[in-house]
Amino acid sequence: MSPRVGVITFPGSLDDKDAARAVRLAGGESVALWHADADLHSVDAVVLPGGFSYGDYLRCGAIAKFAPVMEKLVDAGNGGLPILGICNGFQVLTESHLLPGALTRNDHLHFICRDQKLRIENNTSAWTSDFQIGEEILIPLKNGEGGYVADEKTLDELEGEGRVIARYLEINPNGSRRDIAGITNARGNVVGIMPHPEHAVEKLTGPTTDGLGFFTSLLKSLVNDGKVSV
Amino acid sequence: LNIDGDIDDAKLAQIHEIAATLLSNPVIEDFTVEVQG
């Protein structure tokens with residue numbers, strides 16, 4: 001039985017179809033979840049995709065956190081359900097306090113779209129176990145509010161507990177503190193990342209297939225945890 | 001925020017909650033509540 005991975009669509013979500021395709025390419029079954037539906041339909045994991053949920057009104061992710069599906073998702077995330085937030089999904093996760101810190105306007109004030117080199121810093125989370133620590137990957141980045149910020153205590157905790165999962169290499173594209181591109185929660189089941197692994201899963205359309213590792217990591221961790229069998 | 005009627009402690013507490021959980025993100029923003037009119 002393939003792992004069932006939910007992909008939530010909010011009004012303004014942009015990359016839900018790409019995330020669902022990445023799930024399928026990794027060997028999972030993608031399950032469409034609707035923002036207004038307060039039910040996770042017994043999925044084994046959830047992806048919060050990129051885009052502009054609720055038009056980014058007020059702050060990116062600020063309104064999405066009140067969507068009916070989020071109440072169940074926050075409880076499930078705190079209970080160990082694997083959740084990956086990509087770009088706007090990362091913003092939703094910080095606004096929902098499943099991850100610490102916040103994403104702010106890029107320091108140069110411009111929307112940026114480029115292929116971005118990253119270094120993997122953590123391979124113990126549910127979404128990064130298929131990588132090697134120190135592995136360099138190249139995946140697309142596209143955001144206007146991608147600057148990761150947190151207070152010094154929180155940043156030190158993230159560093160000390162090995163919860164920075166990826167860092168920008170060669171250039172810091174948005175002013176993120178300590179070059180942070182992605183983080184995980186203490187349990188390792190919730191991951192947020194600003195660049196887009198779901199856009200780098202096929203040679204035809206991506207700069208690489210490096211992003212597939214996030215999705216194969218999930219499937220392997222679900223199998224290793226006995227949550228699903230293949 | 002436009003509030004109908006008088007502002008009592010309960011309404012003020014509700015306004016503070018709205019400011020802290022929706023209108024601002026305390027990680028990156030501060031807020032003050034000022035009653036006018």
Side-chain angles (χ1 to χ4, degrees), chain A residues 10 53-68 70-71 74 85 88-107 109 143-158 163 174-178 180 183 185 190 192 194, chain B:
Chain A
F10 298 99
S53 60
Y54 299 92
D56 277 352
Y57 282 103
L58 200 56
R59 288 180 313 282
C60 304
I63 298 177
K65 76 172 174 179
F66 294 106
M70 288 303 297
E71 189 176 341
V74 169
N88 186 228
F90 188 8
Q91 294 161 340
V92 175
L93 290 176
T94 58
E95 284 283 344
S96 304
H97 307 298
L98 278 171
L99 291 174
L103 283 308
T104 59
R105 186 81 181 148
N106 293 347
D107 59 353
L109 305 181
N143 64 68
E145 285 84 12
Y148 181 75
V149 298
D151 59 39
E152 290 300 319
K153 179 173 175 289
T154 301
L155 291 169
D156 289 343
E157 280 177 5
L158 290 171
R163 290 167 52 194
N174 46 33
S176 286
R177 296 298 311 281
R178 306 191 191 184
I180 290 173
I183 60 171
N185 64 345
V190 180
M194 187 48 57
Chain B
L1 295 173
N2 293 317
I3 308 296
D4 291 333
D6 294 332
I7 301 292
D8 55 19
D9 288 346
K11 281 184 181 170
L12 203 54
Q14 198 173 11
I15 292 166
H16 271 273
E17 186 184 351
I18 292 168
T21 59
L22 173 64
L23 298 179
S24 77
N25 179 346
V27 175
I28 51 174
E29 296 166 324
D30 297 319
F31 69 88
T32 58
V33 174
E34 199 174 301
V35 180
Q36 298 179 333

Could you check whether atom [atom1] of [X] has more than 12 heavy atoms from other residues, nucleotides or ligands sitting under 6.0 Å from it?
X        : atom1 : value
A/Glu71  : CD    : no
B/Asp9   : CG    : no
B/Phe31  : CZ    : yes
A/Glu157 : CD    : yes

Any chance you could measure A/Lys65, atom NZ, to B/Asn25, atom CG, to the nearest 0.5 Å?
->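 Answer rounded to 0.5 Å: 7.0 Å.
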Rounded to the nearest 0.5 Å, how far apart are NE2 of A/His97 and OG1 of B/Thr21?
->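 With rounding to 0.5 Å, NE2 (A/His97) is 8.5 Å from OG1 (B/Thr21).
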Does a side-chain heavy-atom distance below 4.5 Å link A/Thr94 with B/Val27?
->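 With C-beta onward as the side chain, the pair stays apart.
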Among A/Thr104, A/Asp151, A/Leu103, find the residue that satisfies the side chain to side chain contact (heavy atoms under 4.5 Å, CB included) test when tested with B/Ile28.
->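 Result: among A/Thr104, A/Asp151, A/Leu103, A/Thr104 is the only option passing the side chain to side chain contact (heavy atoms under 4.5 Å, CB included) with B/Ile28.
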